Each structure stands twice: as structure tokens, then as C-alpha cells.
Amino acid sequence: MESNSVSKLCLFLGLVWFLGFQLVQCTVTYDRKAIVINGQRRILISGSIHYPRSTPEMWEDLIQKAKDGGLDVVETYVFWNGHEPSPGNYNFEGRYDLVRFLKTVQKAGLYAHLRIGPYVCAEWNFGGFPVWLKYVPGISFRTDNEPFKRAMQGFTEKIVGLMKSEKLFESQGGPIILSQIENEYGVQSKLFGAAGHNYMTWAAEMAVGLGTGVPWVMCKEEDAPDPVINTCNGFYCDSFSPNKPYKPTIWTEAWSGWFTEFGGPIHQRPVQDLAYAVARFIQKGGSFVNYYMYHGGTNFGRTAGGPFITTSYDYDAPLDEYGLIRQPKYGHLKELHKAIKMCERALISADPIITSLGDFQQAHVYTSESGDCAAFLSNHNSKSAARVMFNNMHYNLPPWSISILPDCRNVVFNTAKVGVQTSQMQMLPTNVETLLWETYDEDLTSLDDSSTMTASGLLEQINVTRDTTDYLWYITSVNIGSSESFLHGGELPTLIVQSTGHALHIFINGQLSGSAFGTRESRRFTYTGKVDLRAGTNKIALLSVAVGLPNVGGHFEAYNTGILGPVALHGLNQGKWDLSWQKWTYQVGLKGEAMNLVSPDSISSVDWLQASLVAQKQQPLTWHKSIFDAPEGDEPLALDMEGMGKGQIWINGQSVGRYWTAFANGDCNGCSYAGGFKPTKCQTGCGQPTQRYYHVPRSWLKPTQNLLVIFEELGGDPSRVSIVKRSVSTVCAEVAEYHPTIKNWHIEGYGKVQDFHSPKVHLRCNPGQSISSIKFASFGTPFGTCGTYQQGICHASTSYSVIEKKCIGKQRCAVTISNTNFGDPCPKVLKRLSVEAVCAPTTSTTAQPNWRG
């Protein structure tokens, strides 16, 4: 039952009770098989969509695409630092309008899983904790500590109270069927010993005591106390079992891909492996799967954690960062969900009977008292296909795959056989004219007394900035005598600076002398470089830059950021000069930040210079601004930051996020779907910037006069920055003659084969596009992959003409794979159809009515 219809039903319960009638209650419980909603066990497919990682204007489309993809549930964390930026001051507006997001889920007829945490990890700044929490007296995070528990309970009660007031729990007729307290605490609990166990038990009891009327879960928490359900996170969860036999088997995070970090490659998880992992979990008795992520989105502003997590949180999810459908991942999983739902009655009715079909092959068979029968045939061999006998019939299983038989006879889906199209995306130019730039150099000569302080020794960065900015200046002076040998032809002295993270720019007498950076794995680093000092007083200014605060680790609130030394000069006549305990002046943030240069309403008196009048030499610490009109169309937009170095971007005063064109290091050689997955297995983008394009939400733009501001730390070339749009460039599909298809079997008539329907190749461009040409078409034995298809020995000469007749000029088309359509180029040979088509903007002369399936 859809949650919106449930809501209407619940509105009448009081009246019904008064009249003495008996109706289904709005309840969520569980048993050993599944979550039970209003008395019905359910196999539930869920997907993570984090509301602050997109805009409210995107939510309805994202959630509808999730529903169309076969999801029952939308999962999200709740982001404490976004909702309570300072103690007692709450924010539930804009991207943080949690109520609006959940009501959008409800309107679509989906359920919600609210993971309150309030620790979220999520590659989010400080793991979702507000930085002010670190400075509560006597606090220690995520352990049996009264100040922390008091703050955590206060925020949890705030969120639960808000949900109750808006009647958003299923027990009130709302969409929320599950809630989560804490997050992946098991490892920390063990490290903290008794204090960890006591805290975990307290958190569970506190949550249950809030009376939400829906079950609570704890992920990666083996000893979660009753009635809290412990759940699994990971690339695979088929070996997981809950800690009590009367709890259902729930997978709260099925990792659809992986996050990226500046300087690292892009991680991709083949959909064949992801589908295999999900099918394997379901065949073992799992009843709730959540894709983390289903839409990853964007770490706008300074919300990325890590540190060093990119602004893009694409995650190789079924919906890409921009909200567009990623094929074949989205479509293949949609077919998987259909196949699983066809088995639901059998799956929720019994435990599987497991039969060996070979050394690496098994059958899991579910039957119900009403006669339903569903089977999962698996081949766990990652290298070889298998031909197995089941119910007196032969079945071919590709390596590392599972076939689903909703009637224990006919295969409707195999995890390794992808029949949906592959869409190749491209960033295309927009109609925006070449951007005209004005610049302003950050003033390094004077200090703003209102934002400076002086101390002896080096201070930890976040203790000074309270994370109000990424930037902190460490400034000191050294007096160099005229007798120093390096002033008379000797070797220049060396400056050594040890930093606890995350990036560092060295300025000597106002000139950039060098930079150094850490990595996500090694935040600490040492800068070593020659410095050109002069006789007399020399100003050493060290700009320490944070790139997101840590989001994971034992007591990560105690991790240091900034320059804690030693800082020393070597190679002077006296030898080593340790500057660590000198008098240091600290300036929080940049002058441009203080003057609010990013705001269209800024009343700053700054004199911007025309870029054409500025020397061509690329200057560090420079602000660039440009005015542009919104591009035509409705495709998602991005900034192409090729040519820039490192910094931040704002559009009309809103922060797009950090940019950094750091080049990706890693192994990008090859990828096979078969065999256990890990992030380093399938990587792309080596030798290219980890992130070149930065999402600009259309809802942030006005029709004209939009302000783009860039702060560049290293010295880039803004003339190479452009506004681009994301769209499908080509679509490919490859389907064999006997590809399994759900349409061949009537769901209600298990085992009764209807008239055979030949499989079809489906091609679809984005709205506003049509198929302009066919780059490749072959019915026979073609080989290769999308973009590299080649004809095989067997090829039907009619291939191109048939496809062109069916598809040219249309947004989408379907072509039946049969000898009737193409002729038979090689009898008694299993044939397939491979197609690559070009998508282009639809024109009045090429527009055709859309094909309807």
C-alpha cells in the first residue's frame, strides 16, 4: 500500500474507533522474515538520497526517478551541523528543509528511512557534527560522556519532535517506516570497551523511549540491544545475519560505487556485480536493501569532509550527480527489482531450500503454502560459466551471476546479462558568451585588526577559526643580518614547515615561495623549500588551508589541523633557527571573505580591474568575477574549471564548493565485473583532474546578470573557465536473441509460458534530443563495447537500414531482435544485436512522435 493512501486511511482511525469498526492499523513491526507494514511482510528496495546534496527544486524529479527505478523507500541521513549551526539556532530552510523533502517522498507514494544518527560519517564535514560541539566543556564524542549524551539526546529529540508534529511517522500515517540511531559504531564500541558498550546501550534505549511507533536500527553494531535491529553495510552482505533469530536481515548500505578524493581516480562499480550482490543477499533471505548512494549529488559549500573529499559526491550511483539517469546501472537494477518483486510472495513465506548444482553453483528455492515457487540459481565462479541442471531443465549461468526464476522454471533476469542501453554523457558548450573577467588581488600587505590575534607559539587551526573559513594566516618576522653568507653568493637558506593538514602556501615578503599538500591518507606533511630572504626584516606568512574536516575515526574531534611545527630556517650562519615559539600573528580568513566579495549585494569599495588590463602572469590569491546570463534549455549545468588551480566558487552568493584540478594518480588498467569488488578494482580518470566540472544548479540562476566569483589560491587562467551543459551524446545497446525478459511470462500464472516475445533493443535519448545517426549496427556476432564495437564474422547486411528506419529522428525506439527483422546471416548460431546511436538536439525538421512501449 502506498504511503499517501495509508495516510488518508489513518486520518479516519479515530472516527472508525468511535464507530466501533475494526480496520488495519498504521503499524510497522518486524519478524524474522521482514519488516511488517500494516500486517504485511514486505521485500523492500531502498535508495539513499541526501537532501542537502541537491536542491529542493531537484527533489521531486529525483524521487520520481527513484520510484520509476523500482524503489519502495528513500533513505537519508539527518545532518546536525546543517540544522544547528550554532547552539539552539536551527535551520530547516532551503536544502535543509527536511520536512519538505519527506513530504515529497510521501507525495510520490514511497516510504522513508530516517537515519538520525546524529553521527553520519557520509564523507560529510566533521561527520555531521557541528564544530561548536567540540567546545562544549568536558565533552568526549560518541562514548559514555554526559555532555555528549545530553547534546545528542537534545538534537535527536528535536528531530523526532519535528517529525511527530508534522505526522511523518508511519504510525501517524506518514512515510517514515524506520529510523536509525548512531552509525557504524561497532568498531568504536569495541575500542572504547565498557564506556563504548554503555553508550551504545544508552543510545538504543533513548531512541526507543521516544515512542515513534516504528522500529529503530543500528548499522554495523553486532550487539544492538532489543528491540533495535542490527544491520549490515558493505559491498556484500550475503554472509550477514542479525544478532537474534527473530530480527529481519537488513542491508542499510549496499555501496553502489565509492567516493572520490582530490588527487585520486574515479571509482566505478560494474552493475553486474552490484546486481549479483543484491540478488545474493535476497536469495539468502535478506528482505531490505538500501543502495548507498542512489543519488550521490554535490557537496556544496564547505560540506565535504574527509578531508580531501571532492565537491562531487557522484558515487557512481544510478542517478548521477546532476540527477540524470546513469545507464546501464539504473535500468539493469530496475529489471532486477521487477524480478525480485515477482518472487515476493514466495520469499516472505518460507526459508530457502538450498541445493548444490556444482562446485560453485547452488539453487535457493522458496515455496509458499499457496503454491508460489521462486528459485535463484547462482554461479559463484568468477572465471567460468556453468551449465546446470535444475528441475530437469538445463540453465546456462555466466560467471559470477545469479538467474532469477519467479516460477521455478523460467529465467526472467540474470545479473550478468545487461539488456538495457549504455548512455555516454558529455559536457557540451552553452550559448553563454565568452566570460569577461575582472580581478582583485588579495591584500597581503596589511592586517585587519578585527580578525587578528597574537600568541607565542603555533596554534591549532580549528581552535582559532572554529571552521568559519578554510583559511588561517600564520605570520611572523625574522631579522637577517647583512653578514649572512647566502647574501654574498652562498646557498639560500631552507624553510621547513611541518603541518598537520591540509594544504599550505608559503609567502616570503608578499611573494609566493611554494606550496605543499597532504592527502586523505596522510593529512600531515612537511614543506621544504629554499627561501629568498633579504637583509633586515622579512615577513613570513604561512597560509594554512583546510580541505574539509575529518568524518571518521576514533575521537576524530581531537584530530589536529594547521601548522603545529616545528617551523625552522636551516642554512643560516648560526645553523638552525627554530621559529616555532616566536611571536605569531593569526588572521582568520581572507580579506575578500571579510569584505563579502562573493555577494551580489556587497557594498564593498573594492576596485576590480579589467582582466585585459592585468598582467598575463597568473597571480596567486586572486579573486575573479564575471557576470553572465542563464543558458538556454533545461539541461543540468556545470562550470568547466580547466586551467584553474585550487580555490572556491560562488554563484550569486551561494557556494558551489571547493575546486582543485589536482591530477589523479592510480591504476586505471582494465576492469572485470566478475570477482570480489573493492574501490581500486575499477578506476578511471588517471592522469586527468579528479574533478574538472562543478555542478551549478539552474535554480540558483536568474535570467540575466548572474554573478560568478572565483577565489584562486595558486594562480589560474580564468579565460579558460566556461559554462557547459550535461547531456547524452551517444547511446548503445547489446542484446542477444534469447535474452531473458519479464514480458515472456505472465506473473499470475506461474510456470505457464505465454506466446514467446523476442527481446528488443531499446534506445532512448534525453528529452529534447532525438537519434540523429547510427554509428554502428550489427546483427550477428559483433564484439567490443560501447564506442569500440566491431563487426564479427557473422553480420546481417540489413543491420543499419533496419535500425535507421526504426530510430532516426525519434527520441526513443525499440527494435525486435529476430530473423524476421534482419534475416538470418548465420543459421544455428546464437546472434546478438549491437547498436551505437548518436543523440542530438531535436530540431523542427527532425522531430518525430515518440515511440510508446
Side-chain angles (χ1 to χ4, degrees), residues 262-263 307-308 442 444 447 452-465 470-547 550 559-588 620-621 645-646 660 662 665 713-715:
F262 287 117
F308 298 100
E442 179 76 8
L444 305 183
L447 297 177
T452 62
M453 59 177 289
T454 302
S456 296
L458 298 163
L459 303 179
E460 197 276 338
Q461 180 168 339
I462 306 305
N463 287 344
V464 179
T465 67
D470 281 353
Y471 302 101
L472 178 63
W473 285 101
Y474 293 70
I475 303 168
T476 194
S477 296
V478 293
N479 287 309
I480 298 297
S482 59
S483 62
E484 287 288 343
S485 60
F486 75 86
L487 295 173
H488 305 282
E491 186 177 350
L492 289 174
T494 298
L495 178 67
I496 298 178
V497 181
Q498 288 194 21
S499 172
T500 60
H502 306 132
L504 174 64
H505 306 305
I506 310 287
F507 290 83
I508 305 296
N509 297 322
Q511 299 298 311
L512 180 64
S513 181
S515 299
F517 312 94
T519 65
R520 181 172 167 272
E521 290 73 24
S522 302
R523 297 183 300 276
R524 297 171 179 269
F525 61 91
T526 300
Y527 169 84
T528 303
K530 299 293 185 183
V531 285
D532 188 7
L533 302 176
R534 61 196 179 202
T537 301
N538 293 262
K539 181 179 178 181
I540 298 177
L542 312 178
L543 182 60
S544 181
V545 187
V547 192
Y559 291 8
N560 291 322
T561 303
I563 303 164
L564 293 183
V567 175
L569 282 169
H570 293 256
L572 300 174
N573 290 351
Q574 68 186 60
K576 172 185 173 182
W577 185 357
D578 191 340
L579 308 177
S580 305
W581 290 100
Q582 283 208 166
K583 180 179 174 182
W584 289 85
T585 298
Y586 297 87
Q587 177 169 302
V588 176
L621 303 193
K646 180 181 180 298
W660 192 359
N665 292 312
E713 297 174 21
L714 300 172

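Quick caveat, the model's predicted, so the values are computed rather than measured.
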Exercise for review: List the atom of Gly562, the atom of Ser499, and the distance in Å for their closest heavy-atom pair.
Suggested key: O-OG, 3.4 Å
**Study point:** Heavy-atom check, side chain of Trp473 versus side chain of Thr585, under 4.5 Å
**Key:** no
Check your understanding: Can you tell me if Asn509 uses its side chain to pair, donor with acceptor, with the backbone of Phe507 under 3.5 Å?
Key -> no
Review point. Are any non-hydrogen side-chain atoms of Ile540 and Ile508 less than 4.5 angstrom apart?
Key: yes
Check your understanding: Can you name the nearest heavy-atom pair linking Gly263 to Ala662, along with the distance?
Key -> N-CB, 3.9 Å
Side-chain donor/acceptor pairs under 3.5 Å, residues 484-494, sequence neighbours excluded:
| residue | atom | partner | partner atom | Å |
| --- | --- | --- | --- | --- |
| Glu484 | OE1 | Asn573 | N | 2.9 |
| Ser485 | OG | Asn573 | OD1 | 3.3 |
| His488 | NE2 | Ser482 | O | 2.7 |
| Glu491 | OE2 | Lys530 | NZ | 2.4 |
| Thr494 | OG1 | Lys530 | NZ | 3.2 |

Revision key, fill the gap. Note: Val531 and Ser513 closest approach over all heavy atoms is CG1-OG, 3.9 Å
Practice item. Using ring-ring contact (aromatic ring centres under 6.0 Å, His included) as the criterion, list what pairs up with Trp660, not counting sequence neighbours. Key: Phe262, Phe517
Exercise for review: Determine the sole option in Glu713, Glu442, Gln587 for which the side-chain contact (heavy atoms from CB on, under 4.5 Å) test with Tyr471 is passed.
Suggested key: Glu713
Practice item. Decide yes or no for Tyr474 and Val497: does some side-chain heavy atom of the first lie under 4.5 Å from some side-chain heavy atom of the second? Key: no
Point to revise | Non-hydrogen side-chain atoms of Val547 and Lys646 separated by less than 4.5 Å | key: yes
Check your understanding: Can you list the steps and then say if Lys539 with Leu444 is a side-chain contact (heavy atoms from CB on, under 4.5 Å)?
Key -> CA-CA 10 Å; Lys539 181 179 178 181; Leu444 305 183; 5.7 Å; no
Exercise for review: Could you give me the CA-CA distance, side-chain angles and deciding distance for Ile462 and Asn560, then say whether side-chain contact (heavy atoms from CB on, under 4.5 Å) is met?
Suggested key: CA-CA 8 Å; Ile462 306 305; Asn560 291 322; over 6 Å; no
Revision key, fill the gap. Rounded to the nearest 0.5 Å, the OH atom of Tyr586 sits from the OG1 atom of Thr452 at a distance of 12.5 Å
Exercise for review: Any chance you could measure Ile563, atom CD1, to Tyr527, atom OH, to the nearest 0.5 Å?
Suggested key: 12.0 Å
**Study point:** Side chain proximity check, Arg523 to Thr561, heavy atoms < 4.5 angstrom
**Key:** no
Practice item. Calculate, to the nearest 0.5 Å, the distance between atoms CG and NE2 belonging to Leu542 and His505 respectively. Key: 11.5 Å
Study note, to complete from the structure: So CD1 of Ile475 and OG1 of Thr454: to nearest 0.5 Å the spacing works out to 9.0 Å
Check your understanding: Could you state the interatomic distance from CG (Leu572) to CG (Leu533), rounded to the nearest 0.5 Å?
Key -> 7.5 Å
Study note, to complete from the structure: Separation between CG (Leu459) and OG1 (Thr465), nearest 0.5 Å, reads 11.5 Å
